Amino acid sequence: MAISLKLLVQIAQDALDQAEQAADTIRLSLNTAEKFTEALQCARAGRRPIAEKSLLSDRPEYGTLTNGWGAKAYGALLSFDLRKSSLLATQVSPRNMYLIMHTYMTTCMAVLKQAEGAIVGLRGDGAIAAFGLIYQGAEEKSVTGEQAEHAVREACKCGDAIVKAVQLVVNPLLAKKELRRGRNMVGVGEGALRVGVGIDVGDIVATRIGFEEVNELTIYGVPINHCCKRSFGNDMVILTKNAKDMFPKSDTGKTRLNPYPDIPDAYILRYPPDYKTVA
């Protein structure tokens, strides 16, 4: 089932409108702190709960972990990242960067929610999410090939939907605002935002880490490192060989997983044109 393009457009537009309201309030206010708080309250009042019931901590087997304790699990890990974001920040004003990031991140997080990924956390201008999680606790439970294929399939669909959401929703919306990136308009041609997605699958450990009340629920394991290191492509979903081997061959019949040139253990996911993850 494809994620609704109409819904994503509405979410992105709301995010941009709310960010613009807050940004303009900051710029025009004589009492910045008071007005900014007021603007945030207005924005939150009209905002849809993007991450409600979508966080890893919403799942009882993980959310109830106390500081220092962990639980073993198996799943597919997805990481997405905005490419050349540091360069972008030097080419637009702080206000425009504020608008860009709120629109982009809100839309991508909405995709994660609609795809039912368990959001692990934000990482700068991206995020990490888990799919098809199989809770194992402290045990060594076997994982079936069907379960592994399901996890990878759902992560791949979400990854492609994130790329499509940036291309079809975020960039056109930003282009209408005529925000400038150097000599280019943000969202068009060389000024378009580009996103990279990396996917791996395997054993992970969910744990709450920190010191006393200052802690967070996160995930550690080889798949986390590998998926983050595969999010280097421009508008690409890149799988490790491990994830590629778990991809269900009969999913569409025409899906391609081609080796990334000159980089080992990296495969580019290409769905056929008639396979829509956003529609």
Side-chain angles (χ1 to χ4, degrees), residues 1-3 7-8 11 48-67 69-81 105-139 141 143-144 146-163 165 195-210 215-231 237 239-240 242-243 246-248 269 277-278:
M1 180 177 175
I3 295 173
L7 175 63
L8 291 180
I11 289 172
R48 295 173 180 80
I50 298 302
E52 182 182 7
K53 302 296 184 183
S54 297
L55 303 176
L56 182 66
S57 57
D58 291 329
R59 306 193 177 191
E61 61 267 46
Y62 307 108
T64 55
L65 290 172
T66 56
N67 194 16
W69 289 90
K72 187 177 179 182
Y74 181 95
L77 276 294
L78 175 153
S79 172
F80 73 86
D81 177 68
M105 282 298 294
T106 301
T107 305
C108 290
M109 297 301 284
V111 172
L112 289 180
K113 179 184 178 181
Q114 295 299 314
E116 300 183 353
I119 300 169
V120 178
L122 304 181
R123 296 293 187 273
D125 48 30
I128 296 174
F131 293 82
L133 278 177
I134 302 169
Y135 178 75
Q136 295 180 310
E139 302 177 12
K141 296 181 181 179
V143 177
T144 67
E146 184 178 352
Q147 289 173 319
E149 287 184 357
H150 171 76
V152 172
R153 180 176 63 248
E154 295 306 303
C156 287
K157 288 180 180 178
C158 180
D160 187 76
I162 287 173
V163 172
V195 64
V197 180
I199 294 174
D200 193 22
V201 63
D203 293 323
I204 53 177
V205 173
T207 183
R208 190 170 294 281
I209 189 168
N215 59 72
E216 68 171 346
L217 182 64
T218 188
I219 285 179
Y220 289 104
V222 172
I224 283 283
N225 296 332
H226 283 182
C227 75
C228 290
K229 291 179 180 178
R230 299 306 182 281
S231 60
V237 179
L239 282 66
T240 63
N242 193 26
M246 293 295 180
F247 190 89
L269 172 70
T277 55
V278 172

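Computed from a predicted structure; not experimentally measured. Positions are given from 1 along the sequence.
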Of all residues at least two apart in sequence or in a different chain, which pass the salt bridge (Lys or Arg N to Asp or Glu O under 4.0 Å) check with D81? R83
Taking the side chain as C-beta and beyond, is there a heavy-atom pair between L122 and M109 under 4.5 Å? yes
Nearest-0.5 Å distance that lies between atom CD1 in I204 and atom CG in L77: 5.0 Å
Return the CD to CZ distance between E146 and R153, rounded to the nearest 0.5 Å. 8.0 Å
Does some side-chain heavy atom of V205 sit less than 4.5 Å from a side-chain heavy atom of I219? no
For A73 and L133, work out which heavy atoms get closest and say how close. CB-CD2, 4.2 Å
Do E154 and K157 touch side chain to side chain, with heavy atoms closer than 4.5 Å? yes
Does E116, at its CD atom, have more than 12 non-hydrogen atoms belonging to other residues, nucleotides or ligands within less than 6.0 Å? no
Whether the side chain of N225 engages the backbone of V222 through a donor-acceptor N/O pair (distance < 3.5 Å, no angle test) should be reported. no
Result for side-chain contact (heavy atoms from CB on, under 4.5 Å) between D200 and one of T240, L78, L239 points to T240
Are the side chains of V195 and I162 in touch, meaning some heavy atoms are under 4.5 Å apart? yes
To the nearest 0.5 Å, tell me how far D125 CG sits from C108 SG. 10.0 Å
Y62/Y135 aromatic ring centres below 6.0 Å: yes
So which heavy atom on G126 is nearest to which on M105, and how close? O-CE, 3.7 Å
Between CG on residue L217 and OG on residue S57, distance to nearest 0.5 Å: 6.0 Å
Is there a side-chain contact between R230 and V197 (heavy atoms, below 4.5 Å)? no
How long is the gap from SG on C228 to CZ on R123, to the nearest 0.5 Å? 7.0 Å
At their closest point, which heavy atom of S231 faces which heavy atom of S79, and how far apart are they? CB-O, 3.7 Å
Do I128 and I224 come close enough that some side-chain heavy atom pair is under 4.5 Å? yes
State, to 0.1 Å, how close V111 and A161 come at their nearest heavy-atom pair, and which atoms those are. CG1-CB, 3.7 Å
Does the side chain of I119 come within less than 4.5 Å of L56's, by heavy atoms? no
So which of N67, T218, T66, N215 actually passes side-chain hydrogen bond (donor to acceptor under 3.5 Å, both in side chains) with R208? N215
With distance as the sole test, does D58 use its side chain to make a donor-acceptor pair with the main-chain N or O of S54 at under 3.5 Å? yes
Closest heavy-atom pair and its distance - A151, A76: O-CB, 3.4 Å
Looking only at heavy atoms, what is the nearest atom pair of V143 and A148, with distance? CG1-N, 4.3 Å
In the structure I gave you, are the side-chain heavy atoms of F131 and V152 within less than 4.5 Å of one another anywhere? no
To the nearest 0.5 Å, what is the distance between CD1 (I3) and CG (D160)? 9.5 Å
So does Y74 get a backbone contact from the side chain of D203, meaning a donor-acceptor N/O pair under 3.5 Å? no
